[in-house]
Amino acid sequence: MSVTSHQPGPTRPESPWAVLAAPVFRALWIAQLVSNTGSWMQAVGAQWLLLGHGAALVTLVQTASSLPVVLLALPSGVVADRFDRRAVLVAAQFAMLAVSCVLTVMQFLGTLTPVLLLVLTFLLGCGTALMGPAWQAIQPELVERPRLAEAAALGAVNMNLARAVGPALGGVVVAAMGAGWVFAFNAASYLGIAAVLLLWRRPAAQAPAAGPEGLLAALHAGRRYVWNAPGVRRVLLRALLFVPGGAALWSLLPVSASRSLGLGPSGYGLLLGAVGLGAVAGAVVLPRIRGALGANGTLATGAVVFAAVLALLAVVRSPWPVALALLPAGLAWISVLSTLNAAVQTRLPGWVRARGLAVYLLVFQGAQAVAAPLWGGLADRLGLGAVLLAASALMLAGAVSVRRWPLHDAADIDPSPSDHWPVPPLVFEPGAADGPVLVSVSYQVAPDDRAEFTACMDRVARSRRRTGALSWGLYQDGGDPERFVENYLVASWAEHLAQHHSRLTATDRRHEEQARRLLVPGTRPEVTHAFDAAAGPPVP
């Protein structure tokens, strides 16, 4: 039996669960829940095996899982934008299955050392890094853009349901049967996602294909887009101001469970389960929270709640108050993460979506990878309580910063494609690799409108750079003060045609129209395309 795509109608769902009506999204969500549960079970097993080697080594489990994203997120984003995303996802599943089988066998044979455990965890993280951008980028194929926020929330619910079940189940299995069995379950869990992906009848038109753009050029194009997209950059900043403090909870909770609370693996699993239950419960009320507080209010409130939980964890030595406090921590975590995830999804156009999401994953996972060992090392030197209080203070500082650096209004950003540029009027047909291409656009602007025109052109400049310009400049004619000339350089004719037909968005068009409304009535921009005289195409 095959699985077919279906996208629900344009009406927004009344509940975050309604998006599960899309059959492929629902099937993948269930398979991902099983896989995430296996990942959390393995995390418990790995951390508990290393617990006798010090806090710093325990926190390296999180680093080994997160560091591959730092190293591979951007290349993975390029791969997901240039090749069939389903094939990338299937390959990642089978690669992780193979690594998990090796891990399982070595544990059962008694040959698994701490170093090998961390190395194999790192390899599993490489599979996750390869999978991440492609997984995020296929979401708009499964649900409509207005429902991406609900899909992002359900993705967070999925992770936290797994966090509620996986650690508790993993702790029980480790205590009763040993870590090898949790590794075995994790290995089997990858088969579900692979099966759903192989059964998905994905329309051929939606499968990206490798074009003339090289891997390094594609990587540079993704970096250039993010750097010149203020809305995306602000999401990255908000993630960077939240994640390091949050990483203290995930990396130090096993240490706190063992040293401060006197719990075993099953007790630690129950603490993680409390976080997961809080997140699942929070998903039900999340639309109301966002409706009442807005995106920025949700980010600030979530950071304050998380800071309070970290402070309580630093001073309380009884398991039950800690477990109860972890419930709102889960709610805060899912509120912030789903808000950031939906924000970055809705701000990226399709042509660079996977690369933009790769940068987001790089910031998110990289912050965890760097922060986790720092918190662990500081805990060994300064004490667990002092470090948790420091993390709480850092989280509060992030909450305060929302007022200074809020998310930009999503209503001002429309990433839908806009093919509004006319065909260039050339007398010859350049080759795709011909270039660089100098594009010049002249404008006639009345003296009273010059200041406003140049301000509008600042936004146009970012648009040009996002879509391919290597350099950009705006000049005023010395002989005709009303004449302004915009020059920008594009690497090749293929890059410029991509600007024309696939890279411009409705936001880019709006910025151009705002500038052109200030032109002298009756005049229009004049566009010319010039090629390198030494390397350009021959004239007729």
Task: Test item: R347 side-chain N/O and H408 main-chain N/O as donor-acceptor pair under 3.5 Å - done: yes
Give the table of side-chain donor-acceptor pairs shorter than 3.5 Å for residues 18-31, with sequence neighbours excluded, one pair per line with atom names and distance.
residue : atom : partner : partner atom : Å
R26     : NH1  : L20     : O            : 2.8
R26     : NH1  : A21     : O            : 3.4
W29     : NE1  : L154    : O            : 2.8

Open item on the list: Please give me the minimum heavy-atom distance between A239 and L340, naming the atom from each residue.
Closed with: CA-CD1, 3.8 Å
TODO: Working to the nearest 0.5 Å, report the span between OG1 of T505 and NE2 of H420.
DONE: 8.5 Å
Task: With P406 via side chain to side chain contact (heavy atoms under 4.5 Å, CB included) - residues at least two apart - done: R234, N296
Task: Non-hydrogen side-chain atoms of L241 and R238 separated by less than 4.5 Å - done: yes
- [ ] Enter the distance from M131:CE to M96:CE here, rounded to the nearest 0.5 Å.
- [x] 5.5 Å
Task: Residue of the set V88, L361, T128, I193 for which side chain to side chain contact (heavy atoms under 4.5 Å, CB included) holds with W135 - done: I193
Task: Donor-acceptor contact present, side-chain S76 to main-chain A129, <3.5 Å - done: yes
Task: Side chain R466, main chain N228, donor-acceptor under 3.5 Å - done: yes
Open item on the list: Can you classify the ring geometry of H500 versus H496 as parallel (below 30°), tilted (30 to 60°) or perpendicular (above 60°)?
Closed with: perpendicular
Open item on the list: Nearest 0.5 angstrom please: L299 CG to L337 CG, how far?
Closed with: 10.0 Å
Task: side-chain hydrogen bond (donor to acceptor under 3.5 Å, both in side chains) against S463, all qualifying residues, sequence neighbours excluded - done: D508
Open item on the list: Does any part of the side chain of L120, heavy atoms only, come nearer than 4.5 Å to the side chain of M106, both counted from C-beta?
Closed with: yes
Task: Test log, rule side chain to side chain contact (heavy atoms under 4.5 Å, CB included), inputs V235 and L407 - done: CA-CA 6 Å; V235 176; L407 293 179; 3.8 Å; yes
Open item on the list: To check you understand the geometry: which heavy-atom pair defines the closest contact between L71 and P75, and what is its length?
Closed with: O-CD, 4.0 Å
TODO: Check the pair L470 / V490 against side chain to side chain contact (heavy atoms under 4.5 Å, CB included), numbers first and verdict last.
DONE: CA-CA 6 Å; L470 302 176; V490 186; over 6 Å; no
Task: Shortest non-hydrogen separation from A87 to D84 and the atoms involved - done: N-OD2, 2.7 Å
Open item on the list: Applying salt bridge (Lys or Arg N to Asp or Glu O under 4.0 Å), can you list everything that pairs with R509, at least two apart in sequence or on another chain?
Closed with: E513
TODO: Kindly give the heavy-atom pair with the smallest separation between R85 and A80, and that separation in Å.
DONE: NE-O, 2.7 Å
- [ ] Please answer whether the main-chain N or O of G77 pairs with a side-chain N or O of R355 as donor and acceptor at a distance below 3.5 Å.
- [x] no
TODO: Indicate yes or no for a side-chain donor-acceptor contact from W375 to the backbone of P244 under 3.5 Å, with no hydrogens or angles considered.
DONE: yes
Task: Distance-minimising heavy-atom pair for G376 and L252 - done: CA-CD2, 4.1 Å
Open item on the list: Holding to side-chain hydrogen bond (donor to acceptor under 3.5 Å, both in side chains), I want the full list of residues that pass it with T467, two or more places apart in sequence or in another chain.
Closed with: Q499
Open item on the list: Is any side-chain heavy atom of M41 closer than 4.5 Å to one of T37?
Closed with: yes
Open item on the list: Looking at N186 and V182, would you say the former's side chain and the latter's main chain have a donor-acceptor pair under 3.5 Å?
Closed with: no
Task: Backbone of I138 reached by a side-chain donor or acceptor of R353 within 3.5 Å - done: no
Task: Test item: W333 and W250 side chains (from C-beta on) under 4.5 Å apart, heavy atoms - done: yes
Open item on the list: Looking at T301 and T298, would you say the former's side chain and the latter's main chain have a donor-acceptor pair under 3.5 Å?
Closed with: no
- [ ] First locate atom CZ of R503, then atom CH2 of W421, and finally report the distance between them rounded to the nearest 0.5 Å.
- [x] 11.0 Å
Open item on the list: Could you tell me if R465 sits above the aromatic ring of W227, with its cationic atom closer than 6.0 Å to the ring centre and no more than 45 degrees from the axis?
Closed with: no
Task: From S335 atom OG to I289 atom CD1, the distance as rounded to the nearest 0.5 Å - done: 4.5 Å
Task: Check ion pair E495-R224 (N to O, under 4.0 angstrom) - done: yes
Task: Point-to-point distance, once rounded to the nearest 0.5 Å, from CG of L103 to OG1 of T121 - done: 6.5 Å
Open item on the list: Can you confirm whether L117 sits close enough to F183 that some side-chain heavy atom of one is under 4.5 Å from a side-chain heavy atom of the other?
Closed with: yes
Open item on the list: Would you say that L271 contacts L253 through its side chain, given a criterion of any heavy-atom pair below 4.5 Å between the two side chains?
Closed with: yes
Open item on the list: Any heavy-atom pair between the side chains of L249 and L326 that's under 4.5 Å?
Closed with: yes
Open item on the list: Using the side chain to side chain contact (heavy atoms under 4.5 Å, CB included) criterion, which residues pair with A506? Sequence neighbours excluded.
Closed with: D414, S416
Task: Taking every non-hydrogen atom, the tightest pair across Y190 and S39 - done: OH-OG, 4.4 Å
- [ ] Answer yes or no: is there a side-chain heavy-atom contact under 4.5 Å between S100 and L124?
- [x] yes
